[in-house]
Amino acid sequence: MKVFLRDKKISQGRKTLYLDFYPPIAHPVTGKSTRREFLRLYLYEKPKNEADRDHNKETKILADNIRAQRQISIQAGNYGFMFESFKKSDFLQYFRDLVEKRKTSKGNYDNWLSSYNYFNRFVKGHCLMEQMTEKLANDFKIFLSTTPSSMRTKSLKRLSQNAAHSYFNKFKAAVKSAFYEKFLDDDPTKRVKSIQPAETEREFLTMEELNKLANTECEIPDLKRMALFSAITGLRWSDIIKLKWGEISHSKDMGHYIHFTQKKTKAVELLNISDQAYSFLGTPGRSDETVFPNMTYSAWLNTKLKIWVIAAGIHKRITFHNFRHTYATLQLTAGTDIYTVSKLLGHRNLKTTQVYAKVIDKKKIEAASKIKIDFSND
């Protein structure tokens with residue numbers, strides 16, 4: 001077992017010092033393997049004066065002494081220092097590791113990365129586990145509610161309420177995860193209320209507009225088939241793109257149906273689909289093959305989607321997820337009860353589906369106002 005002294009660049013021209021254990025050692029309580037112990041000591045990367053150089057010299061001596069002590073403790077089989085050092089580990093690095101675990105999901109990864117970036121800016125590149133307090137969480141909440149929407153420009157426009165809501169919830173999830181993994185003795189964010197999301201109007205297509213799209217040529221045929229498939233099944237892009245032929249079945253009693261695991265919620269679902277929806281999938285392949293193997297989410301693909309929508313004479317801001325909104329709205333408009341729609345969408349909570357019910361209520365109010373009696377001839 002060897003213990004090495006390492007450094008890592010942090011903010012403001014500094015380098016933080018940490019110990020690198022090789023091979024990794026297991027924490028005596030959690031059993032979690034680790035190679036790092038951050039010492040909460042730093043060096044100036046480019047010392048500007050004699051005081052900075054003295055600081056670096058003394059800090060290196062102190063850090064090397066700690067390294068030597070750890071080496072002796074490990075050789076003697078004494079891992080008691082881990083109890084204290086575990087609490088002093090780097091929360092910012094832990095948060096970043098959680099972000100990287102979500103790289104397989106583009107949208108989710110981007111949200112987590114943005115949350116991390118805002119928190120990183122808030123703590124100025126340095127936050128240990130022991131610094132995670134209720135006050136810090138509250139201060140970060142205030143920071144998100146008042147910070148500019150762009151970290152790269154001098155824009156005075158504030159971060160939107162819904163973005164702040166999403167980023168703060170990701171931060172709370174990171175703290176909760178650290179607590180469950182026993183990096184923290186307590187979850188201070190459980191006493192901090194989340195930022196409330198703003199009421200937003202979910203864009204959707206009417207049946208007339210959906211028919212227009214179906215009868216308009218799209219530069220990417222697979223995109224058109226996926227979009228129409230989403231509009232009449234309610235499936236998300238993330239679930240369609242990973243859909244395999246082996247997950248699609250047919251029986252005399254049930255017709256066509258899909259047995260799959262939702263990427264977002266990890267819930268196992270069985271979804272009945274119509275014959276028309278099945279026809280959008282194309283020629284069946286091997287059971288282990290994906291239905292749409294050549295499609296990848298990108299800004300370029302979004303541009304092609306916008307061009308297709310405009311070509312159909314539709315002047316709405318439509319993204320792929322709006323086809324799922326369209327499915328929910330059209331089902332409720334057709335009279336399908338909200339509980340059934342909730343199950344079809346795979347929602348865990350009925351409140352999530354009630355957002356669409358509000359859209360229908362608004363349409364009913366608008367419809368009622370269209371009928372007016374004209375007394376102008378009296």
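Computed over heavy atoms, backbone and side chain alike; hydrogens, waters and symmetry mates excluded.
We find that Asp239 and Lys263 are not joined by a salt bridge, their nearest charged nitrogen and carboxylate oxygen being 4.0 Å or further apart. In this structure, Lys103 pairs ionically with Glu100, as a charged nitrogen and a carboxylate oxygen lie closer than 4.0 Å. The pair Arg225-Asp222 counts as a salt bridge, with a side-chain nitrogen and a carboxylate oxygen less than 4.0 angstrom apart. By the 4.0 Å N-to-carboxylate-O rule, Asp20 lies too far from Lys8 to be salt-bridged with it. Under 4.0 Å is where a charged nitrogen must lie from a carboxylate oxygen, and between Asp97 and Lys101 no such pair does. A salt bridge is defined here as a Lys NZ or Arg NE, NH1 or NH2 lying under 4.0 Å from an Asp or Glu carboxylate O, and Arg317 with Glu203 fails to meet this definition.
Between Ile241 and Met226 there is a side-chain heavy-atom pair separated by less than 4.5 Å. Contact annotation: the side chain of His55 approaches that of Tyr42 to within less than 4.5 Å [non-hydrogen atoms, C-beta and beyond]. Glu134 places a side-chain heavy atom less than 4.5 Å from the side chain of Asn138. Looking only at side-chain heavy atoms (C-beta outward), Met295 and Leu301 come within less than 4.5 Å of each other. In this structure, the side chains of Ile273 and Leu235 stay at 4.5 Å or more apart for every pair of heavy atoms. Inter-residue side-chain proximity for Leu330 and Thr336 is flagged as unmet; no heavy-atom pair is nearer than 4.5 Å. Looking at heavy atoms from C-beta onward, Ile248 lies out of side-chain contact with Pro284 at the 4.5 angstrom threshold. At least one side-chain heavy atom of Phe323 sits less than 4.5 Å from a side-chain heavy atom of Leu213.
Atom CG of residue Asp187 and atom CZ of residue Phe179 lie 6.5 Å apart, to the nearest 0.5 angstrom. We find the CG-OG1 distance between Leu39 and Thr16 to be 7.5 Å, quoted to the nearest 0.5 Å. From Phe292, atom CZ reaches atom CG of Leu243 across 8.0 Å, with rounding to the nearest 0.5 Å. Atom CD1 of Ile307 and atom CG of Asn302 lie 11.0 Å apart (nearest 0.5 Å). Taken to the nearest 0.5 Å, the CG atom of Asp64 stands 12.5 Å off from the OG1 atom of Thr59. Atom CE of Met207 is separated from atom OG1 of Thr333 by 11.0 Å, given to the nearest 0.5 angstrom.
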Task: Trace of the side-chain contact (heavy atoms from CB on, under 4.5 Å) decision for Phe91 with Val175 - done: CA-CA 8 Å; Phe91 174 78; Val175 176; 3.7 Å; yes
- [ ] Show your reasoning for whether salt bridge (charged side-chain N to carboxylate O under 4.0 Å, His left out) applies to Glu50 and Arg53.
- [x] CA-CA 5 Å; Glu50 192 65 30; Arg53 285 189 285 273; 3.3 Å; yes
TODO: Could you check Cys127 against Leu136 for side-chain contact (heavy atoms from CB on, under 4.5 Å), going step by step and ending with a plain yes or no?
DONE: CA-CA 10 Å; Cys127 181; Leu136 182 76; 4.0 Å; yes
- [ ] Show your working on ring pair (Phe, Tyr, Trp, His ring centres under 6.0 Å) between Phe171 and Phe143 and close with a plain yes or no.
- [x] CA-CA 13 Å; Phe171 160 74; Phe143 173 82; over 10 Å; no
Task: salt bridge (charged side-chain N to carboxylate O under 4.0 Å, His left out) between Asp186 and Arg191, worked out - done: CA-CA 11 Å; Asp186 180 37; Arg191 296 180 291 275; 3.0 Å; yes
TODO: Could you please spell out the steps behind the side-chain contact (heavy atoms from CB on, under 4.5 Å) verdict for Leu344 and Tyr327?
DONE: CA-CA 10 Å; Leu344 288 169; Tyr327 172 78; 3.3 Å; yes
Task: Pair Arg35-Tyr22, side-chain contact (heavy atoms from CB on, under 4.5 Å): steps then yes or no - done: CA-CA 7 Å; Arg35 284 191 58 175; Tyr22 185 80; 3.8 Å; yes
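The local environment of NZ in Lys316 is crowded, with over 12 non-hydrogen atoms from other residues, nucleotides or ligands closer than 6.0 Å. Taking a 6.0 Å sphere around NZ of Lys244, one finds it holds 12 or fewer heavy atoms contributed by other residues, nucleotides or ligands.
Counting all heavy atoms, side chain and backbone alike, Pro188 lies closest to Thr133 at CB-C, 3.6 Å. Of all heavy-atom pairs between Thr216 and Trp308, the closest is O-NE1, 3.0 Å. The heavy-atom pair separating Lys224 from Cys218 by the smallest distance is CB-CB, 3.8 Å. Closest approach of Phe168 to Ile195, counting heavy atoms only: CB-CD1, 3.9 Å. Scanning both residues, Asp90 and Leu128, for their nearest heavy atoms gives CA-CD2, 4.1 Å. In terms of heavy atoms, Pro148 sits closest to Arg121 at O-NH2, 4.1 Å.
The closest side-chain donor-acceptor pair between Asn111 and Ser114, if any, does not fall under 3.5 angstrom. In the model, Gln69 has no side-chain atom that pairs as donor or acceptor with a side-chain atom of Asn65 under 3.5 Å.
Taking Ile, Leu, Val, Met, Phe, Trp and Tyr as hydrophobic and joining them when side-chain heavy atoms fall under 4.5 Å apart, one finds Ile310 isolated, its cluster having no other members.
Under the 4.5 Å side-chain contact rule for hydrophobic residues, Ile61 and Leu17 do not share a cluster. Leu43 and Phe4 are assigned to two separate hydrophobic clusters, defined by single-linkage of ILVMFWY side chains at heavy-atom distances under 4.5 Å. In terms of hydrophobic clustering, with Ile, Leu, Val, Met, Phe, Trp and Tyr side chains grouped at heavy-atom distances under 4.5 Å, Ile232 and Met254 are assigned to different clusters. Hydrophobic cluster membership differs between Ile142 and Met132, with clusters built from Ile, Leu, Val, Met, Phe, Trp and Tyr side chains linked at under 4.5 angstrom.
Between the side chain of Lys141 and the backbone N or O of Lys193, at least one donor-acceptor pair lies under 3.5 Å. Counting only distance, with no hydrogens or angles, the side chain of Ser342 and the backbone of Ile338 share no donor-acceptor pair below 3.5 Å. One N or O on the side chain of Ser279 and one on the backbone of Gln276 form a donor-acceptor pair closer than 3.5 Å. Side-chain N or O atoms of Asn211 include none that pairs as donor or acceptor with a backbone N or O of Glu208 at under 3.5 Å. Within the 3.5 Å criterion, the main-chain N or O of Thr147 finds no donor-acceptor partner in the side chain of Arg158. Judged by distance alone, the side chain of Arg70 and the main-chain N or O of Phe21 form no donor-acceptor pair under 3.5 Å.
Under the 6.0 Å distance and 45° angle rule, Lys172 does not count as a cation-pi partner of Phe140.
Between Tyr116 and the options Tyr94, Tyr167, Phe95, a ring pair (Phe, Tyr, Trp, His ring centres under 6.0 Å) holds for only Phe95.
Asp52 pairs by the salt bridge (Lys or Arg N to Asp or Glu O under 4.0 Å) definition with nothing, not counting sequence neighbours.
Annotation: side chain to side chain donor-acceptor pair (under 3.5 Å) contacts involving residues 245-262, sequence neighbours excluded, comprise Arg236-Gln262, Gln262-Thr265, Gln262-Glu269.
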